[in-house]
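Numbers for residues simply follow the sequence, beginning at 1. Basis for what follows: all heavy atoms, side chains included, without hydrogens, waters or symmetry-related copies.
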Amino acid sequence: MLTFEQKQAIIDSFPELTKKEISLKRVNYHFMDSLYEKTIVVEKLHPNGNGFVFVGDLLRYKEEANKGLVNIRDYDEQQLREIIEDAIQYLSEEAEDQEPIEEVWQNREGAQLMLAFEQRSWNVYHGENLEEAFGTHDAAKEYLLEEGFRKKK
């Protein structure tokens, strides 16, 4: 396993990433040229070596990703470089034109929210107002279920 310092040195070698210190001596690395609202590529890199890389819905990482994030604790140098390159590329490319996906979700009181897939983001709308945005359908679905909504048939 790479140390915190080794991981930082590898991540720092990507000039397109900007380091931002956060709480508990952790750091995030942002890709400010992202075409999407999501800019964090490396999230919560901790001195114990734990950290996450945002991969959204990239199929290559489907088995490892949880809410669009992959834990890099046990990654070696080559794996770390590859996943960061994939994340930057993912946030740099225009989403392919596809048929819009929209789902209506409703709670017991009858309130409805719209879940829409737009430009690689799963957005939850209340009317025309954006409530939340998620990198994956699973994360959006989990949020809606926790809030007491069910997919309307």
(request) Evaluate the side-chain proximity of Ile11 to Val27: yes if any heavy-atom separation is below 4.5 Å, no if none is. (result) no

(message) Go through it in stages, so that I can follow the logic: the residues are Glu147 and Asn107, the test is side-chain contact (heavy atoms from CB on, under 4.5 Å), and I'd like the CA-CA distance, side-chain angles, deciding distance and then a yes or no.
(response) CA-CA 8 Å; Glu147 294 297 317; Asn107 67 9; over 6 Å; no

(message) If hydrophobic clusters are built by linking Ile, Leu, Val, Met, Phe, Trp and Tyr wherever their side-chain heavy atoms come under 4.5 Å apart, do Tyr75 and Ile40 end up in the same one?
(response) no

(request) Determine, stepwise, if the pair Ile88 / Leu17 fulfils side-chain contact (heavy atoms from CB on, under 4.5 Å). (result) CA-CA 9 Å; Ile88 291 170; Leu17 297 181; 4.0 Å; yes

(message) Can you give me the closest heavy-atom contact between Arg73 and Met1, atom names plus distance?
(response) O-CG, 3.0 Å

(request) Answer yes or no: is there an ion pair linking Glu103 with Lys141, defined by an N-O contact shorter than 4.0 Å? (result) no

(request) Could you list who else is in Tyr125's hydrophobic cluster, with ILVMFWY side chains joined at under 4.5 Å, directly or through other members? (result) Val104, Met114, Leu130

(message) With a 6.0 Å cut-off (strictly less than), is the heavy-atom count around NZ of Lys19, excluding the residue itself, greater than 12?
(response) yes

(message) Determine whether Leu115 and Glu102 satisfy the following criterion, side-chain contact (heavy atoms from CB on, under 4.5 Å), listing intermediate values before the conclusion.
(response) CA-CA 6 Å; Leu115 177 60; Glu102 293 183 349; over 6 Å; no

(message) Is any side-chain heavy atom of Asn50 closer than 4.5 Å to one of Asn71?
(response) yes

(request) Could you walk me through whether Asn28 and Lys44 pass side-chain contact (heavy atoms from CB on, under 4.5 Å), step by step? (result) CA-CA 5 Å; Asn28 287 343; Lys44 299 176 185 153; 4.2 Å; yes

(message) For residues 128-153, which residue pairs pass the ring-ring contact (aromatic ring centres under 6.0 Å, His included) check, not counting sequence neighbours?
(response) Trp122-His137, Phe134-Tyr143

(message) Looking at Ile72, is its backbone amide N or carbonyl O close enough to the side chain of Lys7 to form a donor-acceptor pair, meaning the two atoms are under 3.5 Å apart?
(response) yes

(request) Keeping to residues at least two apart or across chains, list the side-chain hydrogen bond (donor to acceptor under 3.5 Å, both in side chains) pairs with something in residues 78-90. (result) Ser13-Arg81, Asp57-Tyr90, Arg60-Glu82, Arg60-Asp86, Tyr61-Asp86, Glu77-Arg81, Gln78-Glu82, Gln89-Glu93

(request) Decide whether Leu35 and Tyr29 are clustered together by the hydrophobic rule: side chain heavy atoms of Ile, Leu, Val, Met, Phe, Trp, Tyr closer than 4.5 Å, transitively. (result) yes

(message) Would you say that His30 contacts Val41 through its side chain, given a criterion of any heavy-atom pair below 4.5 Å between the two side chains?
(response) no

(request) Grab the two heavy atoms, one from Leu24 and one from Pro47, that are nearest each other, plus how far apart they are. (result) O-CD, 4.2 Å

